[in-house]
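First the structure, in the form of C-alpha coordinates, and then the observations on it.
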Amino acid sequence: MSGRMEGKTAVITGGTSGIGEATAEVFVAEGARVIIAGRSEEKGQRLADRLGKNAIYQRADVSREEDIRNLISSAVDRFGRLDCLFNNAGGPSRGTLETVTQEDFEYSMNLLLGSAVFGIKHAAPVMKEQGSGSIINTSSIAAIRSGQGQYLYSVAKAAVTHLTRLCGLELGPFGIRVNAISPGAIATPIFWGGSEMANILSEEDNERKMEKLKKSLARATPLPRAGFAEDIAYAALYLASDEGSFVNCQDIVVDGGRTVMFNEPS
Ligand code: NAP
(Lines give C-alpha, C1' and ligand atoms only; values in the text may rest on other atoms or scores of the structure.)
Protein backbone atom coordinates (compact mmCIF):
# COMPACT_ATOMS: atom_id res chain seq x y z
CA MET A 1 0.00 0.00 0.00
CA SER A 2 1.22 3.53 -0.62
CA GLY A 3 -0.07 7.06 -0.19
CA ARG A 4 -1.23 6.33 3.36
CA MET A 5 -0.17 9.86 4.37
CA GLU A 6 -1.24 11.61 1.17
CA GLY A 7 -2.37 15.18 1.89
CA LYS A 8 -1.21 14.99 5.52
CA THR A 9 1.41 17.07 7.27
CA ALA A 10 3.50 16.11 10.27
CA VAL A 11 5.98 17.56 12.70
CA ILE A 12 8.48 14.97 13.89
CA THR A 13 10.69 15.87 16.83
CA GLY A 14 13.92 13.95 17.20
CA GLY A 15 13.82 13.67 13.41
CA THR A 16 17.58 13.95 13.02
CA SER A 17 18.38 10.42 14.20
CA GLY A 18 17.10 6.93 14.95
CA ILE A 19 13.34 6.49 15.30
CA GLY A 20 12.44 10.03 14.21
CA GLU A 21 14.65 9.83 11.12
CA ALA A 22 13.13 6.50 10.08
CA THR A 23 9.64 7.91 10.65
CA ALA A 24 10.38 10.96 8.48
CA GLU A 25 11.50 8.61 5.70
CA VAL A 26 8.40 6.42 5.96
CA PHE A 27 5.96 9.36 6.23
CA VAL A 28 7.43 11.12 3.17
CA ALA A 29 7.46 7.85 1.21
CA GLU A 30 3.74 7.55 2.06
CA GLY A 31 2.98 11.04 0.74
CA ALA A 32 3.25 13.29 3.84
CA ARG A 33 4.88 16.68 4.08
CA VAL A 34 7.04 16.79 7.20
CA ILE A 35 8.98 19.15 9.38
CA ILE A 36 12.00 17.37 10.78
CA ALA A 37 13.04 18.89 14.11
CA GLY A 38 16.21 18.52 16.12
CA ARG A 39 19.32 20.42 17.19
CA SER A 40 21.80 18.79 14.78
CA GLU A 41 21.57 21.20 11.88
CA GLU A 42 23.89 19.42 9.47
CA LYS A 43 22.20 16.05 9.93
CA GLY A 44 18.69 17.52 9.78
CA GLN A 45 19.42 19.49 6.61
CA ARG A 46 21.11 16.50 4.97
CA LEU A 47 18.06 14.32 5.69
CA ALA A 48 15.62 16.97 4.41
CA ASP A 49 17.69 17.32 1.20
CA ARG A 50 17.67 13.56 0.72
CA LEU A 51 13.88 13.32 1.22
CA GLY A 52 13.15 16.13 -1.23
CA LYS A 53 10.63 18.93 -1.43
CA ASN A 54 8.18 17.39 1.04
CA ALA A 55 10.65 17.57 3.91
CA ILE A 56 11.84 20.65 5.76
CA TYR A 57 14.38 20.74 8.54
CA GLN A 58 13.84 23.18 11.40
CA ARG A 59 16.21 23.56 14.33
CA ALA A 60 14.48 23.09 17.67
CA ASP A 61 15.48 22.30 21.22
CA VAL A 62 12.43 20.57 22.66
CA SER A 63 13.31 21.53 26.19
CA ARG A 64 12.34 25.09 25.17
CA GLU A 65 8.63 25.84 24.83
CA GLU A 66 9.33 28.66 22.37
CA ASP A 67 11.06 26.29 19.93
CA ILE A 68 8.08 23.93 20.10
CA ARG A 69 5.62 26.75 19.48
CA ASN A 70 7.69 27.79 16.45
CA LEU A 71 7.58 24.26 15.04
CA ILE A 72 3.80 24.18 15.18
CA SER A 73 3.42 27.63 13.65
CA SER A 74 5.86 26.71 10.86
CA ALA A 75 3.71 23.71 9.97
CA VAL A 76 0.65 25.96 9.74
CA ASP A 77 2.50 28.72 7.84
CA ARG A 78 4.12 26.40 5.33
CA PHE A 79 1.54 23.64 4.91
CA GLY A 80 -1.67 25.31 6.12
CA ARG A 81 -2.42 22.52 8.61
CA LEU A 82 -1.02 20.00 11.09
CA ASP A 83 -2.30 16.44 10.92
CA CYS A 84 0.29 14.70 13.06
CA LEU A 85 2.62 15.73 15.83
CA PHE A 86 5.14 13.03 16.71
CA ASN A 87 6.59 14.00 20.11
CA ASN A 88 9.56 11.72 19.79
CA ALA A 89 12.73 13.59 20.78
CA GLY A 90 14.46 12.23 23.84
CA GLY A 91 17.69 11.07 25.33
CA PRO A 92 19.30 9.87 28.52
CA SER A 93 18.22 11.47 31.80
CA ARG A 94 20.64 12.73 34.42
CA GLY A 95 21.19 11.75 38.04
CA THR A 96 20.48 8.69 40.15
CA LEU A 97 18.15 8.30 43.12
CA GLU A 98 20.86 9.49 45.51
CA THR A 99 22.80 11.92 43.33
CA VAL A 100 19.99 13.72 41.51
CA THR A 101 20.17 17.51 41.67
CA GLN A 102 17.50 20.09 41.01
CA GLU A 103 19.29 20.83 37.74
CA ASP A 104 19.34 17.13 36.72
CA PHE A 105 15.64 16.90 37.52
CA GLU A 106 14.70 19.96 35.48
CA TYR A 107 16.90 18.91 32.56
CA SER A 108 15.43 15.39 32.45
CA MET A 109 11.81 16.42 32.89
CA ASN A 110 12.00 19.28 30.40
CA LEU A 111 13.52 17.01 27.77
CA LEU A 112 11.38 13.92 28.26
CA LEU A 113 8.06 15.16 29.65
CA GLY A 114 7.96 18.92 28.98
CA SER A 115 8.57 18.29 25.28
CA ALA A 116 5.34 16.26 25.07
CA VAL A 117 3.35 18.57 27.38
CA PHE A 118 4.21 21.67 25.35
CA GLY A 119 3.91 19.89 22.01
CA ILE A 120 0.34 18.95 22.88
CA LYS A 121 -0.39 22.42 24.25
CA HIS A 122 0.53 24.09 20.97
CA ALA A 123 -0.78 21.44 18.57
CA ALA A 124 -4.20 21.15 20.23
CA PRO A 125 -5.66 24.53 19.17
CA VAL A 126 -4.61 23.99 15.54
CA MET A 127 -6.04 20.48 15.46
CA LYS A 128 -9.25 21.56 17.22
CA GLU A 129 -9.81 24.16 14.53
CA GLN A 130 -9.35 21.46 11.86
CA GLY A 131 -11.52 19.00 13.78
CA SER A 132 -8.88 16.28 13.43
CA GLY A 133 -5.35 15.32 14.30
CA SER A 134 -3.12 12.57 15.59
CA ILE A 135 -0.63 13.17 18.37
CA ILE A 136 1.88 10.42 19.03
CA ASN A 137 4.18 10.41 22.03
CA THR A 138 7.22 8.20 22.22
CA SER A 139 7.14 6.60 25.63
CA SER A 140 9.14 3.47 26.52
CA ILE A 141 8.94 0.03 28.03
CA ALA A 142 10.93 1.68 30.84
CA ALA A 143 7.54 3.15 31.81
CA ILE A 144 6.14 -0.35 32.30
CA ARG A 145 8.97 -2.46 33.74
CA SER A 146 11.88 -1.77 36.04
CA GLY A 147 15.46 -2.10 34.86
CA GLN A 148 14.75 -0.87 31.33
CA GLY A 149 16.10 2.66 31.61
CA GLN A 150 17.61 5.19 33.96
CA TYR A 151 15.78 6.42 37.06
CA LEU A 152 14.34 9.77 35.89
CA TYR A 153 14.08 8.52 32.32
CA SER A 154 11.70 5.77 33.46
CA VAL A 155 9.72 8.13 35.70
CA ALA A 156 9.34 10.71 32.93
CA LYS A 157 8.28 8.08 30.38
CA ALA A 158 5.65 6.72 32.81
CA ALA A 159 4.31 10.26 32.99
CA VAL A 160 4.31 10.49 29.18
CA THR A 161 2.18 7.33 28.98
CA HIS A 162 -0.37 8.71 31.43
CA LEU A 163 -0.29 12.15 29.81
CA THR A 164 -1.26 10.35 26.61
CA ARG A 165 -4.37 8.85 28.19
CA LEU A 166 -5.49 12.09 29.81
CA CYS A 167 -4.99 14.16 26.67
CA GLY A 168 -6.68 11.54 24.48
CA LEU A 169 -9.74 11.78 26.73
CA GLU A 170 -9.78 15.56 26.68
CA LEU A 171 -9.09 16.01 22.98
CA GLY A 172 -11.01 13.00 21.66
CA PRO A 173 -14.33 14.92 21.42
CA PHE A 174 -12.59 17.31 19.00
CA GLY A 175 -11.53 14.49 16.69
CA ILE A 176 -7.97 14.51 18.00
CA ARG A 177 -6.40 11.18 18.86
CA VAL A 178 -3.54 10.96 21.32
CA ASN A 179 -1.54 7.74 21.53
CA ALA A 180 1.85 6.57 22.70
CA ILE A 181 4.30 4.08 21.33
CA SER A 182 6.51 2.27 23.81
CA PRO A 183 9.52 0.91 22.00
CA GLY A 184 11.53 -1.94 23.43
CA ALA A 185 15.24 -2.11 22.76
CA ILE A 186 15.64 -0.44 19.36
CA ALA A 187 19.07 -0.16 17.77
CA THR A 188 19.77 3.59 17.67
CA PRO A 189 22.56 5.87 18.90
CA ILE A 190 20.63 6.48 22.16
CA PHE A 191 22.53 3.43 23.47
CA TRP A 192 25.88 5.18 23.09
CA GLY A 193 24.91 8.63 24.36
CA GLY A 194 22.41 9.82 21.74
CA SER A 195 23.17 12.07 18.82
CA GLU A 196 25.38 14.29 21.00
CA MET A 197 27.91 11.44 21.10
CA ALA A 198 27.13 10.16 17.61
CA ASN A 199 27.84 13.62 16.19
CA ILE A 200 31.40 13.62 17.46
CA LEU A 201 32.27 10.05 16.47
CA SER A 202 33.34 9.16 12.93
CA GLU A 203 30.92 7.41 10.59
CA GLU A 204 32.98 4.22 10.87
CA ASP A 205 32.90 4.31 14.68
CA ASN A 206 29.13 4.84 14.68
CA GLU A 207 28.67 1.95 12.26
CA ARG A 208 30.90 -0.29 14.38
CA LYS A 209 28.86 0.57 17.49
CA MET A 210 25.61 -0.08 15.65
CA GLU A 211 26.70 -3.53 14.44
CA LYS A 212 27.80 -4.51 17.95
CA LEU A 213 24.56 -3.17 19.44
CA LYS A 214 22.34 -5.08 16.98
CA LYS A 215 24.01 -8.35 18.04
CA SER A 216 23.62 -7.69 21.75
CA LEU A 217 19.99 -6.52 21.45
CA ALA A 218 19.12 -9.63 19.42
CA ARG A 219 20.07 -11.70 22.46
CA ALA A 220 17.78 -9.65 24.74
CA THR A 221 14.47 -10.20 22.91
CA PRO A 222 12.32 -13.30 22.32
CA LEU A 223 12.50 -12.64 18.57
CA PRO A 224 15.88 -13.48 17.04
CA ARG A 225 16.78 -9.92 16.05
CA ALA A 226 17.19 -6.42 17.41
CA GLY A 227 14.39 -3.90 17.08
CA PHE A 228 14.98 -1.35 14.33
CA ALA A 229 13.91 2.28 14.04
CA GLU A 230 11.65 1.25 11.13
CA ASP A 231 9.66 -1.03 13.46
CA ILE A 232 8.60 2.06 15.40
CA ALA A 233 8.16 4.17 12.27
CA TYR A 234 5.54 1.73 10.95
CA ALA A 235 3.63 1.84 14.25
CA ALA A 236 3.68 5.65 13.99
CA LEU A 237 2.46 5.40 10.39
CA TYR A 238 -0.52 3.31 11.52
CA LEU A 239 -1.41 5.83 14.24
CA ALA A 240 -0.92 8.87 12.00
CA SER A 241 -2.82 7.50 8.99
CA ASP A 242 -6.57 6.99 8.64
CA GLU A 243 -6.06 3.30 9.39
CA GLY A 244 -5.62 4.23 13.04
CA SER A 245 -8.64 6.53 13.11
CA PHE A 246 -10.43 4.65 15.95
CA VAL A 247 -7.35 4.28 18.14
CA ASN A 248 -7.15 6.76 21.01
CA CYS A 249 -5.59 6.93 24.51
CA GLN A 250 -3.48 3.82 23.84
CA ASP A 251 0.08 2.86 24.53
CA ILE A 252 1.25 0.55 21.75
CA VAL A 253 4.17 -1.59 22.86
CA VAL A 254 6.57 -2.49 20.06
CA ASP A 255 9.24 -4.56 21.75
CA GLY A 256 9.45 -8.00 20.15
CA GLY A 257 8.03 -9.45 23.38
CA ARG A 258 10.72 -8.04 25.66
CA THR A 259 8.31 -6.85 28.37
CA VAL A 260 6.92 -10.37 28.71
CA MET A 261 10.44 -11.62 29.41
CA PHE A 262 10.48 -9.25 32.37
CA ASN A 263 7.16 -10.30 33.92
CA GLU A 264 8.78 -12.02 36.86
CA PRO A 265 11.00 -10.11 39.27
CA SER A 266 14.59 -11.23 38.71
P1 NAP B 1 18.43 8.81 19.00
O2 NAP B 1 18.82 8.12 17.75
O3 NAP B 1 19.50 9.20 19.95
O4 NAP B 1 17.54 10.07 18.64
C5 NAP B 1 17.13 10.99 19.58
C6 NAP B 1 16.58 12.20 18.87
O7 NAP B 1 16.13 13.14 19.83
C8 NAP B 1 17.61 12.90 18.01
O9 NAP B 1 17.05 13.24 16.77
C10 NAP B 1 17.98 14.12 18.81
O11 NAP B 1 18.25 15.20 17.92
C12 NAP B 1 16.66 14.41 19.53
N13 NAP B 1 16.87 15.22 20.71
C14 NAP B 1 17.50 14.87 21.86
N15 NAP B 1 17.50 15.92 22.71
C16 NAP B 1 16.84 16.92 22.07
C17 NAP B 1 16.51 18.26 22.43
N18 NAP B 1 16.83 18.79 23.61
N19 NAP B 1 15.83 19.00 21.53
C20 NAP B 1 15.49 18.50 20.32
N21 NAP B 1 15.77 17.26 19.93
C22 NAP B 1 16.44 16.48 20.80
O23 NAP B 1 17.44 7.90 19.86
P24 NAP B 1 16.07 7.15 19.50
O25 NAP B 1 16.22 5.78 20.04
O26 NAP B 1 15.68 7.35 18.10
O27 NAP B 1 15.08 7.92 20.48
C28 NAP B 1 13.84 8.47 20.05
C29 NAP B 1 12.85 8.34 21.17
O30 NAP B 1 12.61 6.96 21.44
C31 NAP B 1 13.29 8.96 22.50
O32 NAP B 1 12.19 9.61 23.11
C33 NAP B 1 13.68 7.74 23.32
O34 NAP B 1 13.58 7.99 24.70
C35 NAP B 1 12.66 6.74 22.83
N36 NAP B 1 12.96 5.33 23.07
C37 NAP B 1 14.01 4.72 22.45
C38 NAP B 1 14.27 3.39 22.70
C39 NAP B 1 15.41 2.66 22.05
O40 NAP B 1 15.67 1.52 22.44
N41 NAP B 1 16.10 3.23 21.09
C42 NAP B 1 13.44 2.66 23.58
C43 NAP B 1 12.37 3.32 24.18
C44 NAP B 1 12.13 4.65 23.92
P45 NAP B 1 19.39 16.30 18.11
O46 NAP B 1 20.50 15.70 18.88
O47 NAP B 1 19.71 16.66 16.70
O48 NAP B 1 18.71 17.41 18.85
Side-chain angles (χ1 to χ4, degrees), residues 11-25 35-48 57-68 70-71 86-94 106-116 118-119 136-145 148-150 152-161 163-164 180-201 206 209-210 213-214 216-218 220-221 226-233 235-236 251-256 258-259:
V11 168
I12 300 173
T13 72
T16 52
S17 177
I19 291 169
E21 179 178 353
T23 305
E25 286 169 354
I35 293 184
I36 297 160
R39 296 160 304 168
S40 309
E41 295 180 17
E42 212 182 296
K43 262 195 205 163
Q45 196 51 61
R46 210 181 321 132
L47 175 62
Y57 164 70
Q58 183 166 326
R59 192 186 194 286
D61 179 343
V62 295
S63 55
R64 291 165 43 90
E65 181 182 1
E66 196 187 334
D67 285 12
I68 295 173
N70 289 341
L71 282 175
F86 189 17
N87 285 318
N88 167 70
S93 61
R94 293 183 184 161
E106 284 169 12
Y107 169 85
S108 308
M109 289 298 155
N110 284 340
L111 172 62
L112 295 161
L113 178 58
S115 54
F118 292 112
I136 307 164
N137 300 319
T138 304
S139 187
S140 170
I141 60 166
I144 307 169
R145 298 271 180 262
Q148 301 300 302
Q150 302 128 322
L152 285 185
Y153 179 90
S154 308
V155 170
K157 291 296 192 183
V160 167
T161 302
L163 172 81
T164 300
I181 300 173
S182 282
I186 306 298
T188 74
I190 203 171
F191 280 94
W192 62 92
S195 55
E196 271 162 36
M197 184 56 78
N199 287 351
I200 53 177
L201 293 176
N206 277 308
K209 283 189 178 294
M210 181 58 90
L213 177 66
K214 282 181 190 166
S216 71
L217 294 185
T221 310
F228 301 127
E230 292 71 24
D231 294 313
I232 309 305
D251 174 34
I252 299 190
V253 177
V254 181
D255 72 343
R258 188 175 163 89
T259 37

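Just so you know, ligand 1 is whichever comes first in the structure, and atom 1 is the first atom listed for that ligand.
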Residues in salt bridge (charged side-chain N to carboxylate O under 4.0 Å, His left out) with [X], at least two apart?
X      : answer
Glu196 : Arg39
Glu41  : Arg59
Asp251 : none

Practice item. Taking only heavy atoms of the protein into account, state which residues are under 4.0 angstrom from an atom of ligand 1, in chain and number order. Key: Gly14, Gly15, Thr16, Ser17, Gly18, Ile19, Gly38, Arg39, Ser40, Ala60, Asp61, Val62, Asn88, Ala89, Gly90, Leu111, Thr138, Ser139, Ser140, Tyr153, Lys157, Pro183, Gly184, Ala185, Ile186, Thr188, Pro189, Ile190, Phe191, Gly194, Ser195
Review point. Is the side chain of Thr13 donor-acceptor paired with the backbone N or O of Asn88 at a distance under 3.5 Å, no angle test?
Key: yes
Check your understanding: Does Tyr57 reach the main-chain N or O of Gly38 with its side chain, forming a donor-acceptor pair under 3.5 Å?
Key -> yes
Check your understanding: Once you round to the nearest 0.5 Å, how far does CD of Glu65 lie from CG of Asn70?
Key -> 10.5 Å
